[in-house]
Colleague: 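Here you go, one structure.
Each residue takes its place number in the sequence, starting with 1. The figures that follow rest on heavy atoms only: side chains count, while hydrogens, waters and symmetry mates do not.
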Amino acid sequence: QVQLVESGGGSVQAGGSLRLSCIASGSTYSRSCMGWFRQAPGKEREGVATVYTGGGITYYADSVKGRFTISQDNAKNTMYLQMSSLKPEDTAMYYCAADALFSVSCRIPPPSALHYWGQGTQVTVSS
């Protein structure tokens, strides 16, 4: 079992920055792939950034490349998403997710491929 708790969301103006945190507990084996996903009202959940926790290999959706950075602090069992140059279209509920993926790559997998999810944290970007 894996438990995930997000924090750090909030409201910012366009061009601003936020850092999201995800504290993980439970099986390390079951969270070899971790990532951030988001869901805006009326839209499907989409992958934002993912990381292989063992090797630190990171992946980003094209829409956030160069603006968002995913990182991890293994000593604190915490994953981060540093978001800069935020745009109104980044407004969404952001979720932390994890799983041990075998048949699917950790390169921004479909949300249905990950079993463990946090409760989400809201990010609102105003123009």
Side-chain angles (χ1 to χ4, degrees):
Q1 283 285 41
V2 174
Q3 294 77 42
L4 304 169
V5 179
E6 306 99 330
S7 62
S11 297
V12 296
Q13 290 191 328
S17 300
L18 281 174
R19 188 177 80 159
L20 307 182
S21 300
C22 173
I23 299 176
S25 59
S27 171
T28 302
Y29 175 79
S30 296
R31 43 185 169 98
S32 58
C33 177
M34 295 186 67
W36 291 96
F37 293 72
R38 67 186 182 187
Q39 188 166 18
K43 294 188 176 181
E44 294 187 352
R45 192 168 298 188
E46 62 176 2
V48 175
T50 52
V51 57
Y52 267 122
T53 56
I57 302 172
T58 58
Y59 306 95
Y60 296 93
D62 289 343
S63 58
V64 305
K65 280 181 182 177
R67 300 189 298 121
F68 291 10
T69 302
I70 188 171
S71 62
Q72 54 180 341
D73 184 333
N74 291 332
K76 296 182 179 180
N77 288 321
T78 302
M79 179 178 67
Y80 303 98
L81 185 68
Q82 178 67 49
M83 305 184 293
S84 302
S85 301
L86 283 161
K87 304 175 181 180
E89 51 263 44
D90 294 318
T91 295
M93 184 71 78
Y94 283 70
Y95 298 90
C96 172
D99 212 323
L101 300 182
F102 298 103
S103 59
V104 179
S105 168
C106 189
R107 184 189 301 269
I108 313 293
S112 59
L114 292 98
H115 182 69
Y116 302 104
W117 292 85
Q119 81 287 353
T121 185
Q122 178 68 36
V123 172
T124 303
V125 184
S126 59
S127 57

Colleague: Which heavy atom of K65 sits nearest a heavy atom of Y60, and at what distance?
Modeller: CE-O, 3.4 Å
Colleague: If you compare all heavy atoms of A92 against all heavy atoms of A40, which two are closest, and at what distance to 0.1 Å?
Modeller: CB-N, 3.8 Å
Colleague: Closest approach of Q1 and Q3, non-hydrogen atoms and distance?
Modeller: CB-NE2, 3.6 Å
Colleague: Are V123 and M93 grouped together when hydrophobic residues (ILVMFWY) are joined by side-chain heavy atoms under 4.5 angstrom apart?
Modeller: no
Colleague: Could you tell me which non-hydrogen atom of P109 sits nearest to which non-hydrogen atom of V104, and how far apart they are?
Modeller: CB-CG1, 3.8 Å
Colleague: Between the side chain of T50 and the main-chain N/O of I108, is any donor-acceptor distance below 3.5 Å?
Modeller: yes
Colleague: Could you walk me through whether C22 and W36 satisfy the side chain to side chain contact (heavy atoms under 4.5 Å, CB included) test, starting with their C-alpha distance in whole Å, then the side-chain angles of each, then the deciding distance to 0.1 Å, before giving a yes or no?
Modeller: CA-CA 9 Å; C22 173; W36 291 96; 3.7 Å; yes
Colleague: Using the rule that Ile, Leu, Val, Met, Phe, Trp and Tyr join whenever any side-chain heavy atoms are under 4.5 Å apart, tell me whether V64 and M79 fall into a single cluster.
Modeller: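 Yes, V64 and M79 fall within the same hydrophobic cluster.
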Colleague: Give a yes or no on whether R107 atom CZ has more than 12 heavy-atom contacts from other residues, nucleotides or ligands under 6.0 Å away.
Modeller: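 Count not over threshold, so no.
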Colleague: Would a distance-only check, ignoring hydrogens and angles, find a side-chain to backbone donor-acceptor pair under 3.5 Å from Q119 to E6?
Modeller: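 Pair found, side chain donor or acceptor close to backbone of E6.
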Colleague: Exactly one of Y94, W117, Y116 should register a ring-ring contact (aromatic ring centres under 6.0 Å, His included) with F37. Which one does?
Modeller: W117
Colleague: Give a yes or no on whether the backbone of V125 and the side-chain of T91 come within a donor-acceptor separation of less than 3.5 Å.
Modeller: yes
Colleague: Starting at CD of Q122, measure out to OG of S11 and round the result to the nearest 0.5 Å.
Modeller: 7.5 Å
Colleague: Would L18 and F68 count as a side chain to side chain contact (heavy atoms under 4.5 Å, CB included) if you check the C-alpha gap in whole Å, the side-chain angles of each, and the deciding distance to 0.1 Å?
Modeller: CA-CA 10 Å; L18 281 174; F68 291 10; over 6 Å; no
Colleague: Any idea which heavy atoms bring A100 and S32 closest together, and the distance?
Modeller: CA-OG, 3.4 Å
Colleague: Donor-acceptor check, side chain of R67 to backbone of S85, threshold 3.5 angstrom: yes or no?
Modeller: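 Yes: the side chain of R67 pairs with the backbone of S85.
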Colleague: Return the minimal non-hydrogen interatomic distance between C106 and Y52, and the atom names on each side.
Modeller: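 Minimum heavy-atom separation between C106 and Y52: CB-CZ, 3.4 Å.
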Colleague: Judged by atom type as modelled, is there a donor-acceptor pair below 3.5 Å linking the side chain of Q72 to the main-chain atoms of T53?
Modeller: yes
Colleague: Would you tell me whether Q13 and S126 have side-chain atoms, one donor and one acceptor, within less than 3.5 Å of each other?
Modeller: no
Colleague: Just verifying a value: how many Å separate R38 CZ and L81 CG, rounded to the nearest 0.5 Å?
Modeller: 9.5 Å
Colleague: Using modelled atom types and a 3.5 Å cut-off, is there a donor and acceptor pairing between side-chain atoms of D99 and backbone atoms of R31?
Modeller: no
Colleague: Have a look at M83 and tell me which of D90, V48, L20 forms a side-chain contact (heavy atoms from CB on, under 4.5 Å) with it.
Modeller: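 Single side-chain contact (heavy atoms from CB on, under 4.5 Å) partner of M83 among D90, V48, L20: L20.
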Colleague: Name the one of L4, V2, L114 that satisfies side-chain contact (heavy atoms from CB on, under 4.5 Å) with M34?
Modeller: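 Among L4, V2, L114, the one meeting side-chain contact (heavy atoms from CB on, under 4.5 Å) with M34 is L4.
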Colleague: Find the distance between CG (D73) and OG1 (T78) and round it off to the nearest 0.5 Å.
Modeller: 6.0 Å
